[in-house]
Amino acid sequence: MSGFTFDTPPRLVCEDGAALRLGALARELGMRRPLVVTDRGLLDAGVLAGPLDALGEAADVALFADVRADPPQDTVEAAAAMARDRGADGVIGLGGGSSLDTAKLAALLARSGESLADVFGVERARGPRLPLIQVPTTAGTGSEVTPIAIVTTPTHEKVGVVARVLHADVAVLDATLTVGLPARVTAMTAVDAMVHAIEAYTSRRRKNVLSDTLAVRALALLSRHLPRAVADGADLDARRALLQGAALAGMAFANAPVAAVHALAYPLGGHFGVPHGLSNALVLHQVLAFNLPAADRMYAELAPSLRATGSAAARPATGQALLDGLAELTAALPLERRLREVGVAADDLPMLARDAMQVQRLLVNNPRDVTYDDALAIYRAAL
Ligand SMILES: NC(=O)c1ccc[n+]([C@@H]2O[C@H](COP(=O)([O-])OP(=O)(O)OC[C@H]3O[C@@H](n4cnc5c(N)ncnc54)[C@H](O)[C@@H]3O)[C@@H](O)[C@H]2O)c1
Ligand SMILES: [Fe+2]
């Protein structure tokens with residue numbers, strides 16, 4: 001195996017109630033006028049009242065609460081402009097992946113003066129950025145520990161900014177913030193995290209011993225605790241395990257990037273507004289079945305992580321066992337199963353396949369080459 005490098009944020013604060021210490025954490029980074037980046041739904045749900053009060057006692061806080069799911073380019077630019085106009089000396093992302101991604105880019109653009117168009121792609125952002133704290137309220141994207149921000153362009157493409165400068169200074173994992181997450185959002189975000197673990201483990205270019213270790217443990221934590229959190233959202237042990245599993249998966253795929261499941265999921269988000277985790281779930285089985293001839297051994301290595309769940313426990317560890325275990329797990333989730341249930345028609349599939357082929361940044365990591373015809377066949381199977 002060739003050598004590897006591994007990047008991750010320098011500090012993880014992992015404790016129930018840790019978000020109530022945001023004031024002290026912000027001061028440690030020298031923040032006196034932080035910008036908090038979040039979305040209106042979270043604010044209205046009251047999830048952020050405790051953390052915002054605590055922060056308000058320690059600092060002069062400005063609030064950007066206009067984040068929209070799958071953040072459009074102009075939302076990101078508005079957040080950056082607000083950070084600049086208010087003279088913010090730090091940014092705190094507080095929310096799901098959409099808020100955390102917006103926070104990353106606001107911290108970058110407000111300080112470096114780069115424009116968003118200049119930094120799309122891999123390692124094009126130079127920085128510097130403002131100090132950055134990331135506090136997830138979903139257990140899914142792992143954005144708190146990744147150097148990635150995903151933006152939706154005016155032409156409905158989902159494009160990534162990937163650059164080491166986007167790694168947060170501190171990630172705060174406080175499971176109490178995720179207790180009110182509805183069962184459906186819990187399910188879709190956790191599937192996203194499971195896909196991060198699986199695709200990191202099979203990543204063709206940068207898979208390494210550290211990302212493998214994180215991915216295996218992440219998949220075990222996520223698959224064992226997802227059914228519990230869906231059944232009882234207030235199960236704090238399950239919530240904590242999901243949040244930690246999502247972060248471990250995030251650390252893994254930040255260094256061993258994701259592949260065809262994500263590449264085929266993005267056009268569903270861009271064109272049909274399907275939430276990120278659900279769009280992954282809708283093509284997961286078909287992509288893994290396509291990959292199986294090339295990834296059989298790696299899937300077999302992952303299968304035991306799922307075997308603690310349901311009847312999968314009795315199966316031998318083969319590549320197919322991973323697919324069967326995932327099918328069993330996802331069948332019990334409150335999610336749509338077929339593309340047609342989210343408004344996709346047969347006529348749309350060529351356009352989706354064309355768009356998926358544009359996501360070469362991710363397709364190059366897939367264990368099996370994907371052609372346009374392959375992508376079309378995968379979408380057809382998922383319709
Ligand atoms: N940066 C990365 O590494 C990375 C990785 C994967 C996905 N993403 C991106 O992240 C975005 C998706 O993020 P997401 O799946 O976390 O969803 P999200 O941030 O879009 O939030 C989804 C919904 O859940 C609500 N919500 C969040 N936390 C809640 C809570 N605790 N209680 C009640 N409601 C809550 C929000 O208000 C919102 O309505 C997409 O844009 C995707 O492309 C980024
Ligand atoms: Fe994802």
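Treat the numbers as computed from the prediction; the structure is a model and nothing was measured. In each ligand, atom 1 is the first atom listed, and ligand 1 is the first ligand listed.
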If we count only N and O atoms by modelled type, under 3.5 Å, do the side chains of H167 and D7 hold a donor and an acceptor together?
no
Parallel, tilted or perpendicular: ring planes of F253 versus H262, cut at 30 and 60 degrees:
parallel
Check each heavy atom of I148 against ligand 1 and say whether those closer than 4.0 Å belong to the side chain, the backbone, both or neither.
both
Out of L278, T189, L181, V185, the nearest non-hydrogen contact to atom 26 (N) of ligand 1 is supplied by L181
Return yes when H196 approaches ligand 1 closer than 4.0 angstrom through a heavy atom, no otherwise.
yes
Where's the contact between A45 and ligand 1, heavy-atom distance under 4.0 Å: side chain, backbone, both or neither?
neither
Can a non-hydrogen atom of M188 be found less than 4.0 Å from any atom of ligand 1?
no
Do you see a protein non-hydrogen atom under 4.0 Å from atom 14 (P) of ligand 1?
yes
Is a side-chain donor-acceptor pair under 3.5 Å present for T330 with H285?
yes
Would you check if there is a donor-acceptor pair between the side chains of D374 and T371 at a distance under 3.5 Å?
yes
Between D101 and S143, is there a side-chain donor-acceptor contact under 3.5 Å, judged purely by atom types and distance?
yes
Side chains of R239 and T186 only: does a donor on one sit below 3.5 Å from an acceptor on the other?
yes
Heavy atom of protein inside 4.0 Å of atom 21 (O) of ligand 1, strictly below
no
When you compare ligand 1 with S143, is there at least one nitrogen or oxygen pair between them that comes in under 3.5 angstrom?
yes
I'd like to know if P71 contacts ligand 1, where contact means a heavy-atom distance under 4.0 Å to any ligand atom.
yes
Return yes when K104 approaches ligand 1 closer than 4.0 angstrom through a heavy atom, no otherwise.
yes
Within less than 4.0 angstrom of ligand 1, does G142 place any heavy atom?
no
Would you say atom 2 (C) of ligand 1 makes contact with the protein, given that contact here means a non-hydrogen protein atom less than 4.0 Å away?
yes
